[in-house]
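Working notes for the structure below.
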Amino acid sequence: MKYQLLIFDWDGTLADSAAQIVGAMQKAIAGLKLPPRPDESIRELIGLGLNEGLQILYPELEVAGLRTLLDSYRAKWLSEGAGEAPLFKGAMTAIEGLHEQGHVITIATGKSRRGLDRSLAHHAELRKRVTASRCADETASKPNPLMLRELLDELEIKAADALMIGDTEYDMAMARAIGMQAVGVTCGVHEPQRMRDAGATALIEDVSRLPAWLATA
């Protein structure tokens, strides 16, 4: 087995959540009467931690206060029954098969710990296969590779024996920074060429294609 450890991004890689994230953010922007931003500007930042995304989206505003407002709005939004995004078709089957083959399954995401735990609670069968995870609010945000280093250290696995799977240049760049191979999925938010330029080893359509790619890697 060439890659003992598989590290998956969440939004746009395992979960088909981009439209939901953009929609929720637009509702928050309208509800808080913030300066409007186009959908594409929000979509572009999926994968970064919320603070980092806000700094890019609203460089003229003070992030701490804006984050407090958004957290309050998000709590209200969730209390009103906002649902969890579905996994991409075939993703769960692929994860099950890779886990059975002996791959260690982990997650490195720009989501908060609270957000990832909520998503994993909803996707309970996937949660059973996840050995470890790192979120942007408990370590450095992508593209800083610290969350990858922490997973490698926790599991005592070398970068050469691990593979990052994501849908953004942030995923590819953080893997490249520590000499880890990375596969980009084109079902997410960044264009294929952006991922290639950031260091993608290969591109596949979605996670369902990963087992076949690994079989020939």
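A quick note: this is a predicted structure, and the numbers were derived from the prediction, not measured. Note: hydrogens, waters and symmetry copies are ignored here, and every other heavy atom, side chains too, is used.
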Once rounded to the nearest 0.5 Å, what's the spacing between atom [atom1] of [X] and atom [atom2] of [Y]?
X	Y	atom1	atom2	result
L5	T131	CG	OG1	8.5 Å
L14	F8	CG	CZ	6.0 Å
L214	L210	CG	CG	4.0 Å
E60	L57	CD	CG	8.5 Å
C187	D167	SG	CG	6.5 Å
R149	L152	CZ	CG	8.5 Å

Can you check whether [Y]'s main-chain N or O pairs, donor with acceptor, with [X]'s side chain at less than 3.5 Å?
X	Y	value
D171	T168	yes
T106	L6	yes
E62	G65	yes
K111	G47	no
R176	A198	yes
T201	A182	yes
S119	G115	yes

Applying the 4.5 Å side-chain criterion to the ILVMFWY set and letting contacts propagate, would [X] and [Y] be lumped into a single cluster?
X	Y	value
L148	I107	no
L61	I42	yes
M147	M180	yes
W10	L146	no
I7	L126	no

[X] and [Y]: side-chain donor and acceptor closer than 3.5 Å?
X	Y	value
R113	S133	yes
D197	Q193	yes
T186	E205	no

Only counting residues at least two apart or in another chain, list the ones meeting side chain to side chain donor-acceptor pair (under 3.5 Å) with [X].
X	value
D206	S208
R127	none
R43	none
D11	S17

Taking the side chain as everything from C-beta on, heavy atoms only, tell me whether M25 gets closer than 4.5 Å to D39. no
Side-chain contact, heavy-atom cut-off 4.5 Å: Q26 with I29? yes
Shortest non-hydrogen contact between [X] and [Y], atoms and distance:
X	Y	answer
G12	V185	O-CG2, 3.9 Å
V189	A18	CG1-CB, 3.8 Å
A108	M174	CB-CE, 4.2 Å
T13	D9	OG1-OD2, 2.8 Å

Do any pairs count as a ring-ring contact (aromatic ring centres under 6.0 Å, His included) and have a residue in [range], sequence neighbours left out, and if so which ones?
range	value
residues 138-158	none
residues 192-217	none
residues 179-210	Y170-H190
residues 139-163	none

Can you tell whether the side chains of [X] and [Y] come within less than 4.0 Å, N to carboxylate O?
X	Y	answer
R134	E154	yes
E52	R67	no
E125	K128	yes

Check this for me: E138, atom CD, are more than 12 non-hydrogen atoms of other residues, nucleotides or ligands nearer than 6.0 Å? yes
Salt bridge (Lys or Arg N to Asp or Glu O under 4.0 Å) evaluation trace for R114 with D137: CA-CA 9 Å; R114 183 179 175 186; D137 63 346; over 6 Å; no
Check side chain to side chain contact (heavy atoms under 4.5 Å, CB included) between I56 and all other residues, then give those that pass, not counting sequence neighbours. L45, L48
Output side-chain donor-acceptor pairs under 3.5 Å for residues 156-166, partner residues at least two apart or in another chain, one line each.
none

Residues joined to L203 in its hydrophobic cluster, side chain to side chain under 4.5 Å directly or through other members, sorted by chain and number, are M172, M195
Please tabulate, for side-chain N and O atoms in residues 86-105, each donor-acceptor pair with protein atoms closer than 3.5 Å (sequence neighbours left out).
from	atom 1	to	atom 2	distance (Å)
H103	ND1	Y3	O	2.7

